[in-house]
*Asks:* 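Quick one: structure below, then a few questions.
Since this is a predicted model, take the numbers as computed values, not measurements.
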Amino acid sequence: VSCHPETVFATVSNTTVSTTTAVGNGVTVSFTIGFAFLSNTWVHVVRHDNSDDSDTVIAQGAGAAKFTVTGGNPGTAVLMGTAPTSTQYLVITRDIPLTQTTAFSAAGIFPYQGLSNQLDQITMELQNLDAGSSGRGGGGGGGASGDLPVGVANNFLGWNAAGDSV
């Protein structure tokens, strides 16, 4: 196995930014993505409307009610098909697939770039968990309390429909 010290791979910042909020004005359609990601398919947009306190998940694709990611893959900006109004804002997050995509072969060349990408992905997943954001609009990992209810011998841990421990 040969090592190529001249090859430099990207690393993820140690900051935990995984969400960008962009305020609408009825005109602007391009919004900078302020966090690292490895694929445009990871970008997730929710439009919040203050006038009725509603959230709408915006699909990725071409069209008035959708968004695209511009600037390559990974891109640098979200381009909305329709500008959010002055009562709306966008929550742009990364929705990282929790998969392991790099395969290592015992007899093959060591996949440095694949390992670097996988480590970057794991770092971003941990950042999302630390920030309490899964990127799926539901809060995700780190936002919940780590406190468990007091256990009772010979019983299962569980909660009722109201969320109380049983």
Side-chain angles (χ1 to χ4, degrees), residues 8-102 111-148 159-165:
V8 178
F9 300 110
T11 57
V12 176
S13 167
N14 64 352
T15 60
T16 58
V17 175
S18 58
T19 301
T20 299
T21 302
V23 178
N25 62 10
V27 177
T28 304
V29 293
S30 182
F31 301 93
T32 301
I33 299 170
F35 50 82
F37 58 100
L38 299 178
S39 171
N40 289 349
T41 60
W42 293 11
V43 178
H44 182 81
V45 177
V46 174
R47 182 184 60 232
H48 179 81
D49 194 325
N50 290 322
S51 66
D52 61 4
D53 201 30
S54 65
D55 289 323
T56 304
V57 175
I58 308 298
Q60 198 169 135
K66 298 182 179 185
F67 77 93
T68 56
V69 178
T70 62
N73 190 12
T76 57
V78 164
L79 182 64
M80 298 298 295
T82 303
T85 68
S86 60
T87 65
Q88 300 172 334
Y89 64 88
L90 303 176
V91 179
I92 305 167
T93 58
R94 59 180 177 212
D95 184 5
I96 304 170
L98 302 178
T99 57
Q100 197 280 340
T101 58
T102 303
Y112 295 98
Q113 184 63 56
L115 176 62
S116 178
N117 288 346
Q118 194 66 49
L119 290 172
D120 287 349
Q121 180 173 338
I122 291 167
T123 301
M124 288 183 265
E125 290 166 0
L126 292 172
Q127 288 173 347
N128 278 17
L129 289 173
D130 184 53
S133 170
S134 69
R136 293 176 173 89
S145 167
D147 299 331
L148 294 174
W159 292 263
N160 63 19
D164 303 318
S165 62

*Asks:* Test: side chain to side chain donor-acceptor pair (under 3.5 Å). Region: residues 56-68. Which pairs qualify, not counting sequence neighbours?
*Replies:* none
*Asks:* Which heavy atom of V23 sits nearest to which heavy atom of F31, and what is that distance?
*Replies:* O-CE2, 4.0 Å
*Asks:* Any ring pair (Phe, Tyr, Trp, His ring centres under 6.0 Å) involving residues 50-74? Give me the pairs, sequence neighbours left out, ordered by first then second residue.
*Replies:* none
*Asks:* By side chain to side chain contact (heavy atoms under 4.5 Å, CB included), which residues pair with T32, not counting sequence neighbours?
*Replies:* none
*Asks:* Quick one: OG on S39 to CD1 on I96, what's the gap to the nearest 0.5 Å?
*Replies:* 11.0 Å
*Asks:* To the nearest 0.5 Å, tell me how far N50 CG sits from D52 CG.
*Replies:* 9.0 Å
*Asks:* Report the residues that fulfil side chain to side chain contact (heavy atoms under 4.5 Å, CB included) with S86, sequence neighbours left out, ordered by chain and then residue number.
*Replies:* none
*Asks:* Hey, is the main chain of G34 close enough, under 3.5 Å, to the side chain of T20 for a donor-acceptor pair?
*Replies:* yes
*Asks:* Table please: side-chain donor-acceptor pairs of residues 70-82 below 3.5 Å, with sequence neighbours left out.
*Replies:*
unit_1	atom_1	unit_2	atom_2	d
N73	OD1	N40	N	2.8
T82	OG1	A64	O	2.6

*Asks:* Taking all non-hydrogen atoms of both residues into account, name the closest pair between F35 and T19 and its distance.
*Replies:* CD2-N, 3.8 Å
*Asks:* Run the ring-ring contact (aromatic ring centres under 6.0 Å, His included) test against Y89 and tell me which residues pass, sequence neighbours left out.
*Replies:* H48
*Asks:* Identify, with sequence neighbours excluded, every residue that meets side-chain hydrogen bond (donor to acceptor under 3.5 Å, both in side chains) alongside T28.
*Replies:* N25
*Asks:* Check side-chain hydrogen bond (donor to acceptor under 3.5 Å, both in side chains) between S30 and all other residues, then give those that pass, not counting sequence neighbours.
*Replies:* none
*Asks:* Any donor-acceptor pair under 3.5 Å linking the side-chain atoms of T87 with those of D49?
*Replies:* yes
